[in-house]
Structures are given as structure tokens and as C-alpha cells.
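Working notes, beginning with the structure itself.
Quick note: residue numbers are just sequence positions, from 1.
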Amino acid sequence: MAKISVEDLKRIKEKTSQESSLRGGETTVKVTVHMGTCGIAAGARSVMNTLLEEKAESNRTDIKIVAAGCLGMCSSEPNITVEIVGQEPIVYKKMDPNKTRQVFRRHILKGEVQTDFALGKG
């Protein structure tokens, strides 16, 4: 069996990232709620519920909300990542339902990054 090189792993990561992110035209926004044990303990379920409510109210079908594991930043949980086609992903930290509503309405719907809650880009 051939060994996998670092370059092979980078190619696989890039390909998987492209395939699993925003798929061809149907979805323009992907919001990931990081729901590891630490995230759930910090309130990620209420953040997820708030996002689902906001999406339902917006009647937008191009927004995808998904759950994922821990981001590795347990001290800043609950975290969400907002990916909009053509823009760098933004990770938001220490979210609660009010902050989540603000991020949804201003960043996702209007394109205004909420820097007060941002943990980082990329």
C-alpha cells in the first residue's frame, strides 16, 4: 500500500472542502453551529434553534444550517461559522439567541459582518 504524502492530504482536504461547502447554486449561505459537548453545555442548542427560527421567518431557501463538532475553541463556545459565497468564512464566538438573531439579520441577510462578536476569519 502506497503512503500518502502531505501534498496528497492537502489535495484531499481542498477537494473535500469544496465539495462539502456551498454546492452549486442551490445554497449561498452555510451556517455551522459547533455542537461538541462543550458547545452544547454552553448553549449551542438554543443558538441552533434561534437560527432555525430566523431561517423559517426569512423564507430563504438558499441558507443551509448544519451542526458540526467542536471547533477546538472551548473557551469561546458556543461558536458559529458563517460562510457566504464569495466571502471569507467568519467565526462568531460566545453566541446567545440575541447575538445570533443580530448576526442572522445583519450579516446573513444584509452582508454586514458583526465584528463585535467575530472570533476570526477563515
Do [X] and [Y] make a side-chain contact, defined as non-hydrogen atoms from C-beta onward lying under 4.5 Å apart?
X: Met73; Y: Leu119; value: yes
X: Lys30; Y: Val66; value: yes
X: Ile108; Y: Ile63; value: yes
X: Ile80; Y: Val33; value: yes
X: Arg60; Y: Leu109; value: yes

Problem - Connected-component partners of Leu9 among ILVMFWY, side-chain separation under 4.5 Å - result: Ile4
Handout entry: Test side-chain hydrogen bond (donor to acceptor under 3.5 Å, both in side chains) applied to Asn59 - qualifying residues, sequence neighbours left out
Key = none
Completion exercise
Rounding to 0.5 Å, atoms CD1 (Ile84) and OG1 (Thr27) come to a distance of 13.0 Å
Problem - Qualifying side chain to side chain donor-acceptor pair (under 3.5 Å) pairs, either residue in residues 42-58, two or more places apart - result: Glu54-Arg105
Exercise for the section: Sequence neighbours left out, what pairs pass side chain to side chain donor-acceptor pair (under 3.5 Å) with at least one residue falling in residues 31-41? Expected result: His34-Thr81
Fill in the blank from the handout: For Cys74 and Cys38, the nearest pair of non-hydrogen atoms, with its separation, is SG-SG, 3.4 Å
Completion exercise
Correct closest heavy-atom pair for Glu77 and Cys70 would be OE2-SG, 4.2 Å
Problem - For Tyr92, all residues meeting ring-ring contact (aromatic ring centres under 6.0 Å, His included), sequence neighbours excluded - result: His107
Problem - Pairs touching residues 37-57 that satisfy ring pair (Phe, Tyr, Trp, His ring centres under 6.0 Å), sequence neighbours left out - result: none
Exercise for the section: If a pair satisfies ring pair (Phe, Tyr, Trp, His ring centres under 6.0 Å) and one of its residues is in residues 38-59, list it, with sequence neighbours excluded. Expected result: none
Only counting residues at least two apart or in another chain, list the ones meeting side-chain contact (heavy atoms from CB on, under 4.5 Å) with [X].
X: Arg106; result: Gln102, Glu112, Gln114
X: Lys99; result: Lys94, Met95, Asp96, Phe117
X: Ser5; result: Glu7, Asp8

Problem - Residues Ile65, Met48; criterion side-chain contact (heavy atoms from CB on, under 4.5 Å); working and verdict - result: CA-CA 8 Å; Ile65 298 171; Met48 173 64 92; 3.5 Å; yes
